[in-house]
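None of these values were measured; they are calculated from a predicted model.
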Amino acid sequence: MLRADDLVYAHKGQAEPYRFTLEAAPGAVTAVSGASGSGKSTLLDLIAGFLRPASGSLTLDGRDLLPLPPETRPVSLLLQADNLFEHLSAAENAALGLPRGLDRQAGRARVAAALDEVGLAGFADQPASTLSGGQKQRVALARTLLRGRPVLLLDEPFSALDDETRRGTRDLVGRLTREQGWHTILVSHHADDVAALAQRHYRIAEGRLLPVRQQDGGQAGIP
């Protein structure tokens with residue numbers, strides 16, 4: 001279980017600090033919604049290690065994550081922008097998630113398997129600049145698979161996609177979360193994304209995370 005317990009943080013000039021308490025289970029999607037500027041991205045930055053809280057705790061299966069710098073935290077981050085290198089191929093972008101020192105042949109096999117897992121078999125040599133938005137997000141998910149980190153943070157990952165592509169990509173995220181046992185935290189403004197994916201849902205209001213109606217093993221909606 002990923003647990004944030006009373007993480008306190010205030011940006012410069014902010015009168016009242018954020019105080020975040022949250023649980024995210026393995027193999028499940030936890031959604032966070034709220035108005036623009038409510039603190040959703042701040043929460044993700046605290047979990048990823050880009051911001052350090054004034055107090056509180058952050059643990060994964062009892063392991064303290066706060067002393068760890070961002071590059072060694074067991075966290076992957078997928079943004080609305082896919083963050084691919086446009087001049088590199090799909091395979092080369094995905095391969096950035098491979099551990100260092102891996103044999104080249106073994107690395108190629110793992111990249112091919114990851115691209116196949118996200119439905120991009122046959123796209124390995126295609127430059128990222130020629131891929132659609134949905135395909136780019138799938139390459140980013142393949143890279144996440146190869147990184148092998150158990151916490152996945154999603155910051156409005158489907159917003160730039162058309163409706164059909166968004167449905168397919170979020171279904172893929174849900175399946176991979178279940179199969180890989182990821183602790184997935186989804187920040188989204190879209191009620192349909194939350195309803196389709198989340199088993200647990202929080203709403204940020206006045207700097208606090210408030211639990212929203214939860215359905216065991218099912219969906220959570222925005223009232």
Side-chain angles (χ1 to χ4, degrees), residues 1-2 24-30 44-45 47-50 58-155 157-158 160-161 165-186 197:
M1 185 76 74
L2 177 71
V29 176
T30 299
L44 296 189
D45 285 344
I47 295 172
F50 302 132
L58 178 67
T59 60
L60 178 64
D61 297 331
R63 179 191 181 194
D64 185 5
L65 300 185
L66 289 181
L68 303 178
E71 63 270 18
T72 64
R73 289 200 182 186
V75 174
S76 292
L77 180 63
L78 186 60
L79 307 173
Q80 179 177 339
D82 46 75
N83 290 332
L84 301 187
F85 291 97
E86 295 286 297
H87 65 288
L88 298 181
S89 68
E92 289 168 332
N93 272 287
L96 296 174
L98 288 170
R100 293 181 179 180
L102 189 67
D103 173 81
R104 180 175 296 182
Q105 184 174 355
R108 286 176 178 171
R110 289 180 63 177
V111 168
L115 290 174
D116 182 59
E117 182 71 14
V118 299
L120 290 181
F123 287 80
D125 296 327
Q126 192 160 326
S129 59
T130 68
L131 298 175
S132 69
Q135 289 168 339
K136 289 179 178 180
Q137 290 290 45
R138 287 171 180 259
V139 173
L141 283 169
R143 185 172 58 199
T144 298
L145 277 171
L146 293 167
R147 295 185 77 189
R149 299 186 178 185
V151 178
L152 176 60
L153 307 180
L154 304 172
D155 194 353
F158 315 126
L161 306 179
T165 303
R166 187 165 78 232
R167 285 192 295 269
T169 306
R170 76 187 182 200
D171 288 349
L172 175 62
V173 167
R175 177 174 66 81
L176 291 176
T177 294
R178 293 189 298 272
E179 293 176 354
Q180 300 296 317
W182 287 337
H183 307 69
T184 296
I185 298 178
L186 167 70
L197 277 177

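- In this structure, the separation between CG on Leu146 and CG on Leu141 is 11.0 Å, given to the nearest 0.5 Å.
- Side-chain contact between Arg178 and Pro26 is absent, with no heavy atoms from C-beta onward closer than 4.5 Å.
- Remark: side-chain polar atoms of Glu92 are paired, donor with acceptor, to backbone N or O of Ser89 under 3.5 angstrom.
- Looking only at side-chain heavy atoms (C-beta outward), Ile185 and Leu152 stay at 4.5 Å or farther from each other.
- Looking at heavy atoms from C-beta onward, Phe158 lies in side-chain contact with Leu186 at the 4.5 angstrom threshold.
- At most 12 heavy atoms of other shown residues, nucleotides or ligands fall within 6.0 angstrom of atom CD in Gln105.
- Between the side chain of Asp45 and the backbone N or O of Phe50, no donor-acceptor pair lies under 3.5 Å.
- Looking at Val173, Thr144, Val29, Leu2 one by one, the single match for side-chain contact (heavy atoms from CB on, under 4.5 Å) with Trp182 turns out to be Thr144.
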Using atom types as modelled, flag every donor-acceptor pair under 3.5 Å from a side chain in residues 114-129 to any protein atom, sequence neighbours excluded.
residue	atom	partner	partner atom	Å
Glu117	OE2	Arg175	NH1	2.8
Gln126	NE2	Thr130	OG1	3.1

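- Atom CZ of Arg170 and atom CG of Leu172 lie 12.5 Å apart (nearest 0.5 Å).
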Next item on the list: Show your working on side-chain contact (heavy atoms from CB on, under 4.5 Å) between Val75 and Leu153 and close with a plain yes or no.
Entry: CA-CA 7 Å; Val75 174; Leu153 307 180; 3.6 Å; yes
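- Side chain of Arg73 to main chain of Leu66: a donor-acceptor pair is present (N/O by atom type, distance under 3.5 Å, no hydrogens or angles).
- For Pro150, the side chain to side chain contact (heavy atoms under 4.5 Å, CB included) test picks out Leu60, Pro74, His183, with sequence neighbours left out.
- For the residue pair Gly107 and Leu102, the shortest heavy atom distance occurs at CA-CD2, 3.6 Å.
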Item checked: Step-by-step side-chain contact (heavy atoms from CB on, under 4.5 Å) determination, Leu131 to Val139 -> CA-CA 10 Å; Leu131 298 175; Val139 173; 3.9 Å; yes
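- To the nearest 0.5 Å, the span separating OG1 on Thr184 from CG on Leu78 amounts to 10.0 Å.
- Remark: Arg138 engages no residue in a salt bridge (Lys or Arg N to Asp or Glu O under 4.0 Å) (not counting sequence neighbours).
- With hydrogens and angles disregarded, no donor-acceptor distance shorter than 3.5 Å links the side chain of Asp64 to the backbone of Thr59.
- In terms of modelled atom types and a separation under 3.5 Å, the side chain of Gln135 and the main chain of Ser132 share a donor-acceptor contact.
- Taking both residues in full, the closest heavy atoms of Leu161 and Gly134 are given as CD2-N, 3.5 Å, listed atom of the first, atom of the second, then distance.
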Next item on the list: Show the numbers, then the answer: is there a side-chain contact (heavy atoms from CB on, under 4.5 Å) between Asn93 and His87?
Entry: CA-CA 9 Å; Asn93 272 287; His87 65 288; over 6 Å; no
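- Put simply, the side chain of Thr169 gets close to the backbone of Thr165: a donor and an acceptor are under 3.5 Å apart.
- Here the shortest heavy-atom pairing between Arg149 and Ser76 reads CB-OG, 3.9 Å.
- Counting non-hydrogen atoms of other residues, nucleotides and ligands closer than 6.0 Å to CZ of Arg108 gives a total of 12 or fewer.
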